[in-house]
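A short write-up of the structure that comes next.
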Amino acid sequence: MMTHSDTGKMKERLSGKVITLNDLDAFYRETEPSIPKTTVNWRIHNLVRSGILQRTGKGLYRFGEMQVFTPDTDSRMKRIGRFLKKRFPFTRYCLWDLSYINSFSQHLINFNVLFVDVERDAVDAVYHALKETLPKVMSINHLYDSLPEFDGAVFVRPLVTESPIREVENIPMATLEKMLVDLSTDREFISFQGNEIYTIFGTAFEKYTVNQNTLLRYASRKHKKEETEKIITTINRQ
């Protein structure tokens, strides 16, 4: 069993960096050169279970308990979620609100823009169906830089295949990993893609558990892996 002293030494040695399996294995082998690999894995499992370490990807860890970003859902989201589930039961989609970035951004926004990301083949059908039931439903092609002018709007966008999605209150929602990649790469979010994107990524990584494998896999689906890796490298140096 790992003692408080051992934990302190590990934090002193490995804190402030992305911790890999090799780092942890090397740490234990400094004092126990012949320790079996299975014992190392079991100790890591216990560290995660006890909240000393959290997994941030396959073979990647950092100190602290896992903190999953769980966005709030309002009545409009719930209404849209129920509508889409009933009208398009076999279509993959997710919802997210731009105001979520207030949890990470240095410059807070005081307007709400809701995004409905839906499988490309169903974009037009979902767009027209929502327009029949909601005001201010727009195609993403009509969005330009001045986002505050679209306060209260619902934008329908094509969903990238294999986008990371999770259910919140029975509503398919964009994960934190998806939102970060979209904010840093999509043309409609160009106003956030200067210095602000480093603040957004840095704060998100600091406050919540971000699965880097999921994030980079999604960035690869958008052919933006290299750009995303550069942001991660930059915030890790700060």
Side-chain angles (χ1 to χ4, degrees), residues 69 71-72 74 76-77 80 92-120 122-124 126-127 130-131 134-165 172-208 210-212 214-238:
F69 176 70
D72 294 328
D74 58 22
R76 181 174 64 160
M77 276 190 167
I80 293 173
R92 194 165 187 259
Y93 63 89
C94 71
L95 280 60
W96 63 286
D97 197 301
L98 189 61
S99 65
Y100 293 156
I101 69 167
N102 284 337
S103 298
F104 324 115
S105 179
Q106 182 177 5
H107 302 100
L108 303 184
I109 62 173
N110 60 358
F111 56 92
N112 295 324
V113 178
L114 177 63
F115 296 100
V116 179
D117 294 356
V118 61
E119 288 178 338
R120 189 173 297 275
V123 167
D124 288 342
V126 169
Y127 167 72
L130 288 175
K131 278 187 74 70
L134 292 170
K136 220 170 180 180
V137 176
M138 307 181 73
S139 165
I140 197 63
N141 296 326
H142 298 148
L143 179 61
Y144 50 85
D145 290 350
S146 188
L147 284 166
E149 294 183 21
F150 297 98
D151 186 25
V154 176
F155 280 95
V156 181
R157 309 193 313 160
L159 180 72
V160 175
T161 56
E162 299 183 28
S163 292
I165 296 171
M173 303 287 289
T175 63
L176 177 56
E177 291 82 5
K178 172 174 162 52
M179 288 189 286
L180 289 175
V181 174
D182 287 355
L183 286 167
S184 64
T185 61
D186 293 353
R187 64 176 181 81
E188 50 264 34
F189 306 121
I190 192 170
S191 58
F192 300 103
Q193 291 168 9
N195 291 333
E196 188 71 10
I197 199 63
Y198 296 96
T199 299
I200 291 171
F201 265 69
T203 306
F205 272 65
E206 182 180 340
K207 292 177 63 175
Y208 299 100
V210 179
N211 189 307
Q212 291 190 44
T214 299
L215 184 141
L216 291 174
R217 186 164 55 248
Y218 176 56
S220 293
R221 298 295 301 174
K222 303 182 73 170
H223 307 289
K224 297 291 184 180
K225 182 178 180 180
E226 184 177 345
E227 294 89 330
T228 306
E229 285 178 325
K230 286 180 180 178
I231 296 174
I232 295 172
T233 300
T234 299
I235 64 172
N236 284 336
R237 288 173 179 166
Q238 294 175 350

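Reckoned from all heavy atoms, side chains included, excluding hydrogens, waters and symmetry mates. Note that the coordinates shown come from a computational prediction; the quantities given were computed from them, not determined experimentally.
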Take M173 and I165, measure what side chain to side chain contact (heavy atoms under 4.5 Å, CB included) needs, and give me the verdict at the end.
CA-CA 6 Å; M173 303 287 289; I165 296 171; 5.8 Å; no
Closest approach of V123 to P158 (non-hydrogen atoms, all atoms of both residues)
CG2-CA, 3.7 Å
In this structure, CG of D117 is separated from SG of C94 (nearest 0.5 Å) by 4.5 Å
At what distance, to the nearest 0.5 angstrom, does CD1 of I200 lie from CE of M179?
11.0 Å
Does the side chain to side chain contact (heavy atoms under 4.5 Å, CB included) test come out yes or no for I80 and M77, once each step is laid out?
CA-CA 5 Å; I80 293 173; M77 276 190 167; 5.8 Å; no
Examine F192 together with F104 and report whether their ring centres are nearer than 6.0 Å.
no
Minimum side-chain heavy-atom gap P135-V154 below 4.5 Å:
no
Quick one: does D97's side chain have a donor or acceptor within less than 3.5 Å of a partner on Y100's backbone?
no
Straight-line distance of I231 CD1 to F201 CZ, nearest 0.5 Å:
4.5 Å
List the steps and the verdict of side chain to side chain contact (heavy atoms under 4.5 Å, CB included) for V156 and M138.
CA-CA 6 Å; V156 181; M138 307 181 73; over 6 Å; no
Please confirm whether the ring centroid of F69 lies under 6.0 Å from the ring centroid of W96.
no
So, the side chain of K230 versus the backbone of K225: is there a donor-acceptor pair under 3.5 Å, distance only?
no
Counting distance only, does the side-chain N/O of Q193 pair as donor-acceptor with the main-chain N or O of L183 below 3.5 Å?
yes
Kindly say whether G152 contributes a backbone atom to a donor-acceptor pair with the side chain of R76 at under 3.5 angstrom?
yes
Drop me the distance from T203's OG1 to N102's CG, to the nearest 0.5 angstrom.
11.5 Å
Between Y218 and T228, is any pair of side-chain heavy atoms under 4.5 Å apart?
no
State yes or no: are the ring centers of F150 and F155 separated by less than 6.0 Å?
yes
Donor-acceptor contact below 3.5 Å, side chain N112 vs main chain L98
no
Is the number of heavy atoms from other residues, nucleotides or ligands within 6.0 Å of CD (E206) greater than 12?
no
Apply side chain to side chain contact (heavy atoms under 4.5 Å, CB included) to residues R92 and T161 and explain how you reach the verdict.
CA-CA 9 Å; R92 194 165 187 259; T161 56; over 6 Å; no
Can a donor-acceptor pair be found, under 3.5 Å and without considering hydrogens, that links the side chain of T175 to the backbone of K178?
yes
Side-chain donor or acceptor of E177 paired with backbone N/O of S163 under 3.5 Å
no
Dump the intermediate steps for salt bridge (Lys or Arg N to Asp or Glu O under 4.0 Å) on R157 and E188, then the final yes or no.
CA-CA 11 Å; R157 309 193 313 160; E188 50 264 34; 2.6 Å; yes
How many angstroms lie between CD1 in I190 and OG1 in T185, if you round to the nearest 0.5 Å?
11.5 Å
Could you tell me whether the side chain of F115 reaches within less than 4.5 Å of the side chain of D182, counting heavy atoms only?
no
Show the nearest heavy-atom pair for residues S99 and I109, with the distance to one decimal.
CA-CD1, 3.9 Å
Does any part of the side chain of D151, heavy atoms only, come nearer than 4.5 Å to the side chain of N110, both counted from C-beta?
no
Does a side chain donor of either E196 or S105 reach within less than 3.5 Å of an acceptor in the other side chain?
yes
For F189, is there any backbone N or O sitting under 3.5 Å from a side-chain donor or acceptor partner on D186?
no
When rounded to the nearest 0.5 angstrom, what is the spacing between CG in L216 and NZ in K224?
14.5 Å
